[in-house]
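None of the values given here were measured: they were computed from a predicted structure. In what follows, chains are A, B, ... by sequence order, proteins preceding strands, each numbered from 1. Atom set for the values below is all heavy atoms of this structure, side chains included, hydrogens, waters and symmetry mates excluded.
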Amino acid sequence: MKKALLIITAALLLLCLVPAVQAEDLSHIRAILEKIDAQSRFEGTDFSAVLTLIVEDPEEGIEKLVVRQFRRDDGERYLLLIQEPVTQKGQGYLLEGDNLWFYDPSSRQFAHTSLKETFQDSDVRNADFGSSSYASSYEVEGYFDGMLGNFEVYIIDLKAVDDTVPFPYATIWVTKDTNLVLKAEEYSLTRRLMRSALFPKYAKVGEAIIPVQMVFLDELVEGKKTQVSLSEISVAEIPDHVFTKAYIERVNR
Amino acid sequence: MFTLKVAFRNISRQRKRSFLLAGAIAFGMLVITIINALTGGLVGNIRENFSHALGGHVFITGREFNERGQVITKIRPDERLDQLLEENADRIQAFTKRSQALPSLIFGSKQTMHLVYGVDFHEEDKLLGSLVVTQGSLDQVLQAENAVILPLPAAERLGVEVGETILIKLETLTGQHNVGELVVAAFVEDQEQFGLSAAYVSRAYLNSLLGLGPHEYQMLNMFVTDLDVVEEFTRTFREGLLMPGEEQEEEEPNVTVSVGGVPLEPVPRQERITRWEGTRYRVMNINQIMEPVELAVGVLNRVGLVIFIILLLVTMVGITNTFRMILLERTREIGTMRAFGMHKSQVQQIFLWEAVLLGLVGCAAGLALSGLTILVVGNWPLNVDPSLQFFLQQGRITFRLSLNDLILNLVLVVLTSLLAAYWPARAAARLSPIKALSSHT
């Protein structure tokens, strides 16, 4: 009888201890998420680059898009101006806080769009052009150690903090030593893999570390993927008027 | 009566001239009748096709705030609504409770966006009865929860076969991405002739993907037994579903129609949203949806009327000139008649009767021609773009002419003919018999 009581007490103690250990481990992972977000942000500097997107669609074929990006994380602003193909030249996306506007030079009108939407039928979402927000959007469900190629990584399972986050579940592969996201998988509410993203190459730009090569795979449509590469990267100050609707209209005149 | 007889004889005497004059009037009548009948038919077809496409004459949607302050469209089981349905059962022909989404349907490397209705197949036997199955069976939808009925064109675009599984990608009501699997149960003939092509899945399954409860839905659509009472019926539901303290919304049509790029709906008001508790209902009916369409058709009718009046004015000039010529030709004849005791007013009446008879003959010919045109065109099956099928009835143009329009056109023709003949008739009446008899013409 005494032995049984002892076993039960030990088991109960163990049960109490396990969540405490997990909580401690998860807080470490939460700190990693915060670091990831922090190092993806351009604090105190502006950022500009030319993005080349190669969109491979089994139905539509291969399309190349060249986009000039101006970004200012202070105030969550960015401007994307399409330079190629010629048919879409002049189209622009202007982010001002929570508002994202799309400008079409043929109609000379701005239309409200969303960060959740895909960019020009590619596999890149409009939100991908800004800084990441893992820490504020997700809570850690669990994690384990693993390897991705030659890199030691944490494989972290994330769950959206509320039902406003577009992807309810995600898994990220983060290097242990540098806190760089090498791979991300995004899942639907029914936990079906929707998109995979690979970030094979990073560069330190100012104080931030950002991926300069990205591959986004549509996991629902066979053979659909988008490769993104960054060039002409600069952290030079961008005039305020660039982040205005008037500027997009002016460059189209 | 005598003057009418003489007028008739005069018209018969100059057949070629009368034929040309009446022909001009007939052409005008043909144009306006066709325009009136065509627009009347269009409105009727659009109304009917809208009803089929939207699944009813009266539509109820519900909106509520969720915990995060987002407005979402859903109707929960509601006693007030059930009571209203029960109280008005005798005026409701049928009703459906549906959810809907515009998801991407994916099969392999192919995808297409398609309207999907979530329906309760056990309740919607009418729908199942109306679908024309080309492959597969509708029995499966009553058994498998995630079975889908696909319109044939959508199935062809995806390259899918009955029994295979496709993916459905959509957003929940709060904007989260979601993916489900659908087993293709059957292909059906496309209903694009009603202007909308939709796939059908179980409401419970679509609800689970949208983030709705199994007994919740997004639209309550009702077919009323009598379209004449649709306004009063709508009012009953609108008032019955008002929450305490809620003001009745001024409903605006949610369909925009533009003519030459100019929208015909009023400039949308800036919506001021104050948070409310519970579900707020919006009750719309087919007439509200038809308002902008009827406005556009009204513009078309007015344009047609202007063309008709221009044609009549041209004809009027022709009639005046012709009657002046007739006056010259018949000067001696008029003199003779006057010498034998005919009054001035009778001479004038003969001219006016001739104009009226010409107008009426022209109208009759125009109506007969338009009837013939309508008969031929109306029976011509058109294989046009699916988007244009919305204006047709079973692939054919239909014509509906209102009696009011017909009478208005007749009156206009007779009046303009009278007006055109008035001055030559007055001049004929004022001719001195002696001068007329000594005339060489």
Check your understanding: Charged N to carboxylate O below 4.0 Å: is that the case for A:K159 and A:D157?
Key -> no
Check your understanding: Can we call the ring centroids of A:Y93 and A:F129 under 6.0 Å apart?
Key -> no
Practice item. Using a heavy-atom cutoff of under 4.5 Å, enumerate the residues of residues 177-188 of chain B that contact chain A, numbered in order, or state 'none'. Key: B:H177, B:N178, B:V179, B:E181
Practice item. Let me know if B:S104 has heavy atoms under 4.5 Å from chain A in its side chain, its backbone, both or neither. Key: neither
Review point. Mind checking whether B:K169 and A:M194 have side chains closer than 4.5 Å, heavy atoms only?
Key: yes
Practice item. Can you sort out the partners of A:E117 under side-chain contact (heavy atoms from CB on, under 4.5 Å), two or more places apart, ordered by chain and number? Key: A:T113, A:S114, A:N126
Check your understanding: How about A:R250: does its CZ atom have over 12 heavy atoms from other parts shown lying under 6.0 Å from it?
Key -> yes
Practice item. Could you tell me if the ring centre of A:Y143 sits under 6.0 Å from that of A:H28? Key: no
Point to revise | Pair A:E76 + A:R41, salt bridge at N-O below 4.0 Å | key: yes
Exercise for review: Decide side-chain hydrogen bond (donor to acceptor under 3.5 Å, both in side chains) for B:Y281 and B:D78; before the verdict, give the C-alpha distance in whole Å, the side-chain angles of both, and the deciding distance to 0.1 Å.
Suggested key: CA-CA 11 Å; B:Y281 292 96; B:D78 187 339; 2.5 Å; yes
Exercise for review: Sort by residue number and list every member of residues 201-215 of chain B having a non-hydrogen atom under 4.5 Å from chain A.
Suggested key: B:L209
Review point. Is a side-chain donor or acceptor of A:Q213 paired with a backbone partner of A:K201 at a separation under 3.5 angstrom?
Key: no
Study note, to complete from the structure: Counting heavy-atom pairs under 4.5 Å with chain B, the top scorer among A:L189, A:D163, A:L220, A:D162 is A:D163
Exercise for review: Return the set of residues passing side-chain hydrogen bond (donor to acceptor under 3.5 Å, both in side chains) with A:D218 (not counting sequence neighbours), or none when no residue passes.
Suggested key: none
Check your understanding: Between CG of A:L80 and CD of A:Q120, what distance do you get to the nearest 0.5 Å?
Key -> 9.5 Å
Revision key, fill the gap. Assert top hit (heavy-atom pairs under 4.5 Å, partner chain B, pool A:R125, A:R191, A:E186, A:K224) equals A:R125
